[in-house]
Amino acid sequence: MSHSKHTKRGYSLYLEKWNPAAKKYIHTCALCGCRGYSPALEQEGLRDSVTARECFRTLPRLELDERGCCADCARILEKRK
């Protein structure tokens with residue numbers, strides 16, 4: 001059976017199983033739980049790595065604020081104040 005039948009969108013076998021150290025470049029929002037890659041991967045030294053290419057292929061770019069929230073959750077929190 002092929003590998004592609006066992007994967008879902010946003011999941012990478014390389015990031016999850018083969019290179020667990022790459023998880024330091026994956027951010028998760030503290031409120032909504034959305035996942036994305038860290039903007040630090042876009043630096044020149046890391047851009048050509050296998051980890052960076054896999055993150056660019058499977059995950060969106062996600063910047064977190066000091067509270068650990070994505071831009072959408074931060075905007076909603078600011079409206080509540």
Extract all donor-acceptor atom pairs below 3.5 Å that involve side chains of residues 62-71 and protein atoms in other chains or at least two apart in sequence.
residue: Glu63; atom: OE2; partner: Arg61; partner atom: NH1; Å: 2.9
residue: Asp65; atom: OD1; partner: Arg67; partner atom: N; Å: 3.2
residue: Asp65; atom: OD1; partner: Gly68; partner atom: N; Å: 3.2
residue: Asp65; atom: OD1; partner: Cys69; partner atom: N; Å: 2.8
residue: Asp65; atom: OD2; partner: Arg67; partner atom: NE; Å: 3.3
residue: Asp65; atom: OD2; partner: Arg67; partner atom: NH2; Å: 3.1

Item to check | Spacing of Lys24 atom NZ and Leu41 atom CG [to the nearest 0.5 Å] | outcome: 10.0 Å
Next on the checklist: Quick test of your reading: applying ring pair (Phe, Tyr, Trp, His ring centres under 6.0 Å), list the pairs with at least one residue in residues 48-81, sequence neighbours left out, ordered by first then second residue.
Outcome noted: Tyr37-Phe56
Checklist entry - Could you give all pairs that pass the ring pair (Phe, Tyr, Trp, His ring centres under 6.0 Å) test and reach residues 60-81, with sequence neighbours left out? => result none
Checklist entry - Of all residues at least two apart in sequence or in a different chain, which pass the side-chain contact (heavy atoms from CB on, under 4.5 Å) check with Ala30? => result none
Checklist entry - Transitive ILVMFWY cluster of Leu77 at side-chain heavy atoms under 4.5 Å: who else is in it? => result Leu31
Checklist outcome for this item: The side-chain hydrogen bond (donor to acceptor under 3.5 Å, both in side chains) partners of Arg80 (sequence neighbours excluded) come to none
